[in-house]
Amino acid sequence: DFNKKAHNLYLKGVSMPFTVAIIEDFRESTKYTFGIMDPVIILPDTTYYENKLARALIMSIFKKMAKKVLRHSPLKRKEQKLYLADTILFDDKIRRLALSQAEMADYAKLYNPLSLDELKAKLSPFDLSEFLSGLYGDALPLRYATSNPRLTEGFAALLTEESFVQYKHWAYVQTMINLSRCLSVELSNLANSYMHKLVGIKKAPEITKQAYRIASEAFGAPVGVYYGRTYFGEEAKRDVTEMVKQIIETYKRRMSHNSFLCEETKKNAIAKLSAIKIKMGYPDGYDSFFDTLTLDGADSFYDAMTKIK
């Protein structure tokens, strides 16, 4: 039942036992890859879990926040305690597989291509075929990769029949926290209090600033293109793009006449210069999705944000 509904749950913002992203292919920058990455863990880094004092302190801050958020749910107090306890247990399973910040800094190791059949087998019993069909129909992605082989190798043990209840409770709590800003100002401030406490922010931003940040995140691309075309202009964009092209050509000429590098090194350097993507002024366009987006005035804020995402 979960496998059949997973893609709809994902589109509605429900937390999955992995993170999905469409990323540039590391080997061919003109191609894109369907990427499977770690779900978000509670503590700032996996290393904090090994420090008993830091783990207890930071986890207590999270629990305090989560308890307050869950009081706004329809769950009874006993259920709230159970859901939060299972969230901590499932998070502990995730963190044992997740990459540390230090591991994520090793950029070259974050690209681990897989065939679709390989990825489907590793994520079983999760039905990746059903999930992808729900998202893309017949136009499935052509390339697949994971940033963390440890996650895909250990996924079968992460999501079992025994741990599925823990996952559901974890997903409920994490989804409510993540979507809190779409539910009410009070819930948004409660959910943000955890991260604010960690980074030393004493007061939540004013409501107007919160609204600006949400609007900027949702409509940043089309508004950015409009602003660039209006206040920077196509002519200025062409001029500065041409200037950059000339700079690149100058570097190529200098490299080809270099006297102390071997021919192979010069050839590779020139190839890298030729591969540079020139992005000046503002984007050439934005996702056509925004041209067909319609919002109903009767929509709740949550419904509107779900449509946009």
Side-chain angles (χ1 to χ4, degrees), residues 1-26 31-43 45-46 49 66 73 75 79 82-100 103-104 109-179 306 309:
D1 193 40
F2 172 66
N3 279 326
K4 291 180 180 179
K5 296 178 179 178
H7 71 277
N8 278 323
L9 294 172
Y10 171 74
L11 292 173
K12 289 182 178 297
V14 173
S15 296
M16 293 284 116
F18 50 76
T19 301
V20 170
I22 303 301
I23 56 175
E24 260 189 16
D25 192 288
F26 279 33
K31 306 291 185 181
Y32 288 87
T33 297
F34 179 91
I36 293 289
M37 297 177 287
D38 294 337
V40 176
I41 56 176
I42 292 173
L43 301 191
D45 187 28
T46 57
Y49 289 86
S73 75
L75 298 175
E79 291 175 315
L82 174 62
Y83 276 49
L84 182 52
D86 279 351
T87 295
I88 304 303
L89 290 173
F90 194 75
D91 176 75
D92 192 59
K93 289 181 169 66
I94 294 171
R95 68 94 179 175
R96 295 177 187 278
L97 300 174
L99 295 175
S100 67
E103 288 174 311
M104 285 190 279
K109 292 183 179 179
L110 298 181
Y111 181 69
N112 302 277
L114 295 162
S115 70
L116 175 56
D117 286 340
E118 288 174 326
L119 192 56
K120 283 162 56 176
K122 291 182 185 298
L123 295 185
S124 179
F126 183 83
D127 191 339
L128 184 62
S129 293
E130 184 84 27
F131 185 70
L132 291 171
S133 296
L135 294 179
Y136 299 106
D138 295 329
L140 297 180
L142 301 176
R143 298 172 182 233
Y144 301 86
T146 179
S147 62
N148 181 9
R150 194 162 63 230
L151 173 68
T152 49
E153 293 297 332
F155 192 82
L158 175 66
L159 200 64
T160 64
E161 287 188 18
E162 293 74 20
S163 68
F164 188 68
V165 172
Q166 287 181 1
Y167 161 69
K168 287 198 299 182
H169 295 171
W170 170 87
Y172 186 102
V173 174
Q174 293 288 46
T175 301
M176 188 170 180
I177 291 171
N178 293 338
L179 298 180
T306 300
K309 290 190 173 185

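Keep in mind that the numbers below use all heavy atoms, side chains included, and drop hydrogens, waters and symmetry copies. Count residues from 1 along the sequence.
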(message) The test is side chain to side chain contact (heavy atoms under 4.5 Å, CB included); show your working for Asp86 and Val173 and say whether it passes.
(response) CA-CA 10 Å; Asp86 279 351; Val173 174; over 6 Å; no
(request) Would you check, one step at a time, whether the test side chain to side chain contact (heavy atoms under 4.5 Å, CB included) holds for Ile23 with Tyr32? (result) CA-CA 6 Å; Ile23 56 175; Tyr32 288 87; over 6 Å; no
Side chains of [X] and [Y]: does their closest heavy-atom pair fall under 4.5 Å?
X: Leu82; Y: Leu75; result: no
X: Leu43; Y: Arg95; result: no
X: Leu9; Y: Met16; result: yes
X: Ile42; Y: Ile88; result: yes

(request) Please work out which of the three classes, parallel, tilted or perpendicular, describes the rings of Tyr83 and His169, given edges at 30° and 60°. (result)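 Judged by the thresholds at 30° and 60°, the geometry between His169 and Tyr83 is parallel.
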(message) Once you measure the plane-to-plane angle for Trp170 and Phe90, does it fall in the parallel (<30°), tilted (30-60°) or perpendicular (>60°) bin?
(response)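 Trp170 vs Phe90 ring planes: tilted.
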(message) Determine whether Leu110 and Leu99 satisfy the following criterion, side chain to side chain contact (heavy atoms under 4.5 Å, CB included), listing intermediate values before the conclusion.
(response) CA-CA 10 Å; Leu110 298 181; Leu99 295 175; 3.7 Å; yes
Return the [atom1] to [atom2] distance between [X] and [Y], rounded to the nearest 0.5 Å.
X: Leu123; Y: Lys120; atom1: CG; atom2: NZ; answer: 11.0 Å
X: Lys5; Y: Lys12; atom1: NZ; atom2: NZ; answer: 12.0 Å
X: Thr152; Y: Phe18; atom1: OG1; atom2: CZ; answer: 11.5 Å
X: Ile94; Y: Gln174; atom1: CD1; atom2: CD; answer: 7.5 Å
X: Ser124; Y: Leu119; atom1: OG; atom2: CG; answer: 11.5 Å
X: Phe164; Y: Leu158; atom1: CZ; atom2: CG; answer: 11.5 Å

Considering only distance and modelled atom types, tabulate donor-acceptor pairs under 3.5 Å from the side chains of residues 141-150, sequence neighbours left out.
| unit_1 | atom_1 | unit_2 | atom_2 | d |
| --- | --- | --- | --- | --- |
| Arg143 | NH1 | Asp25 | OD2 | 3.0 |
| Arg143 | NH1 | Glu28 | OE2 | 3.4 |
| Arg143 | NH2 | Glu28 | OE2 | 3.0 |
| Tyr144 | OH | Pro141 | O | 2.8 |
| Thr146 | OG1 | Ile36 | O | 3.0 |
| Thr146 | OG1 | Asn148 | N | 3.1 |
| Thr146 | OG1 | Asn148 | O | 3.3 |
| Asn148 | OD1 | Arg150 | N | 3.0 |
| Asn148 | ND2 | Asp38 | OD1 | 2.8 |
| Asn148 | ND2 | Asp38 | OD2 | 3.4 |
| Asn148 | ND2 | Leu97 | O | 2.7 |
| Arg150 | NE | Leu97 | O | 3.1 |
| Arg150 | NH1 | Glu103 | OE2 | 3.2 |
| Arg150 | NH2 | Ala98 | O | 2.7 |
| Arg150 | NH2 | Glu103 | OE1 | 3.0 |

(message) Tell me whether Gln166 contacts the main-chain N or O of Ser163 through its side chain, where contact means a donor paired with an acceptor under 3.5 Å.
(response)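 No, because the side chain of Gln166 does not come within donor-acceptor range (under 3.5 Å) of the backbone of Ser163.
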Minimal non-hydrogen separation, [X] against [Y], with atom names:
X: Ser73; Y: Tyr172; value: CB-OH, 3.5 Å
X: Asn112; Y: Lys109; value: ND2-O, 3.0 Å
X: Ala171; Y: Ser15; value: CB-O, 3.6 Å
X: Pro125; Y: Asn3; value: O-ND2, 3.2 Å

(message) Against Leu135, only a single residue in Leu140, Leu11, Val20, Asn8 fulfils side-chain contact (heavy atoms from CB on, under 4.5 Å); can you say which?
(response)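 So the option named by the test is Leu11.
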(message) If only side-chain N and O atoms count, and only distance matters, is there a donor-acceptor pair under 3.5 Å linking Tyr49 with Asp91?
(response)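 Result is yes, a qualifying pair exists.
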